[in-house]
2 protein chains.
Amino acid sequence: MNEQDFLATYDPRAYPAVAVTADVVALTIRDGALHLLLIRRGEQPYAGHWALPGGFVRPDEELAAAARRELAEETGLDGEPLRRVHVEQLASYGAPDRDPRMRIVSVAHLAFAPDLPDAAAGTDADEAAWVPVAELANRQLAFDHARIVADGLDRARSKLEYTPLATRFLAPEFTIGELRGVYETVWGHQLHAGNFHRKVLSVPGFVESTGASTEHGGSRGGPRARLYRAGDARLLHPALLRPAREETVR
Amino acid sequence: MNEQDFLATYDPRAYPAVAVTADVVALTIRDGALHLLLIRRGEQPYAGHWALPGGFVRPDEELAAAARRELAEETGLDGEPLRRVHVEQLASYGAPDRDPRMRIVSVAHLAFAPDLPDAAAGTDADEAAWVPVAELANRQLAFDHARIVADGLDRARSKLEYTPLATRFLAPEFTIGELRGVYETVWGHQLHAGNFHRKVLSVPGFVESTGASTEHGGSRGGPRARLYRAGDARLLHPALLRPAREETVR
DNA sequence: GAAATAGTGTCTATCAGACAATATATC
DNA sequence: GATATATTGTCTGATAGACACTATTTC
């Protein structure tokens, strides 16, 4: 049997029914706090629960495209602002009982967005909102989404170390102080301003100067800061390593 | 409608048919060279081509369990030796046209195995073999498996930097020289023996001494070496960083 | 004995982090 | 003026890598 004949007689229904969804852990920084995009589910199962934006991958749709589409639906984003959002694959979750309806494998994605307008509910959600990550402990997320979020936060914290993706939380032009704010927010602790400044400028391709400065100093005083844009590096060498905490290692 | 009623009337067939496979990029070191486990496909499509071991995820089977099962089928491994193989999820590949039969999403896994006996063909393969990674350029892999392998090799090289997984390529007890051999093989360049030795011993939890030494010196001379086993660290702090190559960064 | 390897010692350039100093903004 | 922030300077301890040396083993 050649490949032509084989395909003509092939029956996809012979294989077990599985559905594939793309879910998104979308992060942004608002008011100096890390926020996560959540929707309140309008349908069963878990109706009324908060969950990650996501949905079934359509026929002929790439996995990453499905994630971007879901993100666009819940944020109202489109065109250039949407292109500025960084989306990467996080991991897939396929425990047999993770969804009571049927076998559903979720290909989770991780997104870094600059500060965006308030979220707008999409088609299958009552409500969509940017929720402070610090408040997640109080909310019962649907499915295994709490685990997915935890994995996404881990990945995000780690990605800031060796990639320039922190810039994706900011406008196209930013100050070193704003960049430091991203690190402090995502990592959850203060960094030394002077050392951070020198370090960032010493990593080739991390940021490049625009030549301009901010119009005003900080709201509570201080000189105007120089403006930078993201450089052309895809990886940081040397990396900006977090101080090792013993408990994360063992 | 409550959740009970909802599930009773729910029709999984209403969703587009997708199949999910688990494929494995299994790496080992034989004769000082990095090898990859490949099978020669016995069925359409791509009959006769070399491909990654893998297959459909069964109902009620975890993704990682499916990967381990496929690995076991092709290597003949079982029990304790199989447990010693490290398996982790790599990424999912879901381009709509990656398989001519139907929409198939592959959840690729990455495995690190100690030197194993020759592979034995499983049920749906003519042949299974450990193939030197250096020879892959001459082989036309089925589907998008060349890309998956490339991603797996990248991940493997990077994982050696910040995890103790290099030990998974070795027997439970090993010498520092053997461990250095793993790094040199996977990274593809020589390391300084003295500095490597000191560095490994200085990373907390990377290796722990067994107190014993090898029975004999090296085949071409040299003293007996002390034996170590893997320590309890899951991450290496500080990491064993590769020297940065400019071209990998931009 | 020649050659290879294990393990240790030493030196230096570099770097992370602590700390300080100065200039420039806001209130 | 008091205070906050940007930016640069300086110092110190730690480290990566180069190099050297000794001891031990095989052929």
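Every heavy atom of this structure was used, including side-chain atoms; hydrogens, water molecules and symmetry mates were not. Remember, it's a predicted structure, so these values are computed and weren't measured experimentally. Below, chains carry the letters A, B, ... as their sequence lines are ordered, and counting in each starts from 1.
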Visitor: Which pairs pass ring-ring contact (aromatic ring centres under 6.0 Å, His included) with one or both residues in residues 148-169 of chain A, sequence neighbours excluded?
Guide: A:F112-A:F169
Visitor: Are any non-hydrogen side-chain atoms of A:P164 and A:L236 less than 4.5 angstrom apart?
Guide: yes
Visitor: Can you run down the salt bridge (charged side-chain N to carboxylate O under 4.0 Å, His left out) pairs that involve residues 169-185 of chain B, sequence neighbours left out, and say none if there aren't any?
Guide: B:R180-B:E184
Visitor: Within residues 172-184 of chain B, find the residues that approach DNA chain D with a heavy atom at under 4.0 Å, and present them sorted by residue number.
Guide: none
Visitor: Mind checking ring pair (Phe, Tyr, Trp, His ring centres under 6.0 Å) for B:Y183 and listing every partner two or more places apart, or none if nothing turns up?
Guide: B:W187, B:F196
Visitor: Please determine whether a side-chain nitrogen of the Lys or Arg among B:R242 and B:E161 lies less than 4.0 Å from a carboxylate oxygen of the Asp or Glu.
Guide: yes
Visitor: Suppose we screen for side chain to side chain donor-acceptor pair (under 3.5 Å). Which residues come up paired with B:E62, at least two apart in sequence or across chains?
Guide: none
Visitor: Identify, with sequence neighbours excluded, every residue that meets side chain to side chain donor-acceptor pair (under 3.5 Å) alongside A:R139.
Guide: A:E135
Visitor: Quick one: side chain to side chain donor-acceptor pair (under 3.5 Å) partners of A:R220, sequence neighbours excluded?
Guide: none
Visitor: Enumerate the residue pairs fulfilling salt bridge (charged side-chain N to carboxylate O under 4.0 Å, His left out) with a member in residues 81-91 of chain A, sequence neighbours excluded, ordered by first and then second residue.
Guide: A:E80-A:R83, A:E80-A:R84, A:E88-A:R155, A:E88-A:K159
Visitor: Looking at DNA chain D, which of residues 214-223 of chain B put a heavy atom within less than 4.0 Å of it?
Guide: B:H216, B:G217, B:G218, B:S219, B:G221, B:G222, B:P223
Visitor: Assign each of B:P238 and A:R224 to its nearest nucleotide of DNA chain D by heavy atoms, then name whichever residue's nucleotide is nearer the 5' end.
Guide: A:R224
Visitor: Could you identify which residues of residues 191-201 of chain A place a heavy atom less than 4.0 Å from some atom of DNA chain C, listed by residue number, or say none?
Guide: A:H192, A:N195, A:R198, A:K199
Visitor: Going by atom types alone, do A:D115 and A:T28 pair a side-chain donor with an acceptor below 3.5 Å?
Guide: no
Visitor: Do side-chain atoms of B:R224 reach the backbone of B:S213 as a donor and acceptor pair under 3.5 angstrom?
Guide: no
Visitor: Along DNA chain C, 5' to 3', what are the outermost nucleotides having an atom less than 4.0 Å from a heavy atom of chain B?
Guide: C:dA4 to C:dT10
Visitor: Between A:A239 and B:A225, who's closer to the 5' end of DNA chain C by nearest nucleotide?
Guide: B:A225
Visitor: Would you please name every residue forming a side chain to side chain donor-acceptor pair (under 3.5 Å) with B:Y93, sequence neighbours left out?
Guide: B:D151
Visitor: If only atom types and distance count, is the side chain of A:S106 paired as donor or acceptor with the main-chain N or O of A:A22 below 3.5 Å?
Guide: no
